[in-house]
2 protein chains.
Amino acid sequence: MARAATTTDVFNAVAEPRRRQILDILADGERSVNDLVAEIDLAQPLVSKHLRVLRQVGLVSVRDEGRQRLYRLHGPALKPIHDWVARYQRTWNERLDALDELLNELQKEEHNGRTGE
Amino acid sequence: MARAATTTDVFNAVAEPRRRQILDILADGERSVNDLVAEIDLAQPLVSKHLRVLRQVGLVSVRDEGRQRLYRLHGPALKPIHDWVARYQRTWNERLDALDELLNELQKEEHNGRTGE
DNA sequence: CTATTATATACCCATATGGGAATATGTCAA
DNA sequence: TTGACATATTCCCATATGGGTATATAATAG
């Protein structure tokens, strides 16, 4: 076996800098393939390939508009990564514990003071 | 060029499931190589190889103890991933905007009420 | 229908991968 | 010193990669 396939999971898909770059651009809004080709310095076929990977792991969706294909970011697919990393966040952010308490506090208030919203 | 080297950045290092598994174990505390070999089902040389990658990107540190080498998690190395993903978090967590406001609020209080702490 | 534009796919290649097995290195014990 | 234990390194291999170039497919224009 070589490395795990990039299309297998989001972690691998996002490990490639070009693909993160594409996502960063799409975060700003829908783009056609040529738009992306213009914004990053990469040949069109390569952009298409990266988009394919991103599509396969659910990170982007496509919409046909005439002869263009408009790609749109689908952020929720990143949640697994976020969830995994978040478990380690306390390692570098000591304020998180305090925030935890605060959130619990607020949740309590929400339950008491606004019962029935 | 093939894929970017795993040792290049944290994103690639963490793209490998085995390495995430190792980190997950180390999150519980220091471990020797053999401890890790026992906990995940993988041959010792492979564990050593994965540890090497993790060391190279700063995700773990080593400490010699007799003939053992104790590996320890170094969480802050994950911060780049966290920071990158966090930018997209609003996509799936609508409550974040509210939290933003809240935090700003608190920061203001902190500046006014406790000036000089 | 043909040409042009937009995108995707197929092919080739150099390279890094992760697993496996064997072996080297390092450390302690007898 | 010799042997057992712990870990790292080296070698080989099958495979997936990402880039490049050429080409296929799709859609619109003329």
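In what follows, chains carry the letters A, B, and so on, assigned in the order in which the sequence lines appear, proteins first and then strands, with residues in each chain numbered from 1.
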N/O (side chain, B:R52) to phosphate O (OP1/OP2, D:dA8) under 4.0 Å: no
Phosphate OP1/OP2 of D:dA27: any A:R69 side-chain N/O under 4.0 Å: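 No.
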Tell me: [atom1] of [X] to [atom2] of [N], nearest whole Å?
{"X": "B:R63", "N": "D:dT7", "atom1": "CZ", "atom2": "P", "result": "13 Å"}
{"X": "B:H50", "N": "C:dG18", "atom1": "NE2", "atom2": "C1'", "result": "6 Å"}
{"X": "B:R19", "N": "C:dG18", "atom1": "CZ", "atom2": "C1'", "result": "9 Å"}
{"X": "A:Q56", "N": "D:dG18", "atom1": "CD", "atom2": "C1'", "result": "15 Å"}
{"X": "A:R31", "N": "C:dA6", "atom1": "CZ", "atom2": "C1'", "result": "17 Å"}
{"X": "A:L54", "N": "D:dT17", "atom1": "CG", "atom2": "P", "result": "13 Å"}
{"X": "A:K49", "N": "D:dT23", "atom1": "NZ", "atom2": "C1'", "result": "13 Å"}

Taking every non-hydrogen atom, the tightest pair across B:A15 and A:N12: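 That would be O-ND2, 3.2 Å.
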B:L59 versus B:A13, closest heavy-atom pair with distance: CD1-CB, 4.4 Å
Answer yes or no: is there a side-chain heavy-atom contact under 4.5 Å between [X] and [Y]?
{"X": "A:Q68", "Y": "A:V33", "result": "no"}
{"X": "B:V62", "Y": "B:R69", "result": "yes"}
{"X": "B:L26", "Y": "B:L36", "result": "yes"}

Ring-ring centroid check B:W92 B:Y88, cutoff 6.0 Å: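 They do not qualify: ring centres at least 6.0 Å apart.
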Chi angles and distances behind the salt bridge (charged side-chain N to carboxylate O under 4.0 Å, His left out) call for A:D28, A:R31: CA-CA 9 Å; A:D28 182 55; A:R31 294 291 145 94; 2.5 Å; yes
Cation-pi, B:F11 ring and A:R20 (6.0 angstrom, 45 degrees):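 Output yes; distance and angle both within limits.
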Contact list for DNA chain C against residues 33-47 of chain B - heavy-atom distance below 4.0 Å: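 Of all residues in residues 33-47 of chain B, the ones placing a heavy atom under 4.0 Å from DNA chain C are B:P45, B:L46.
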Annotated protein contacts, base or backbone, on nucleotides 24-30 of chain C with a non-hydrogen cut-off under 4.0 Å, one of B, S, - each: ---BB--
B:Y71 side chain, from C-beta outward: closest of C:dG18, D:dA8, C:dT9: D:dA8
Donor on one side chain, acceptor on other, B:R19 and B:H50, under 3.5 Å: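 Yes, a side-chain donor-acceptor pair sits under 3.5 Å.
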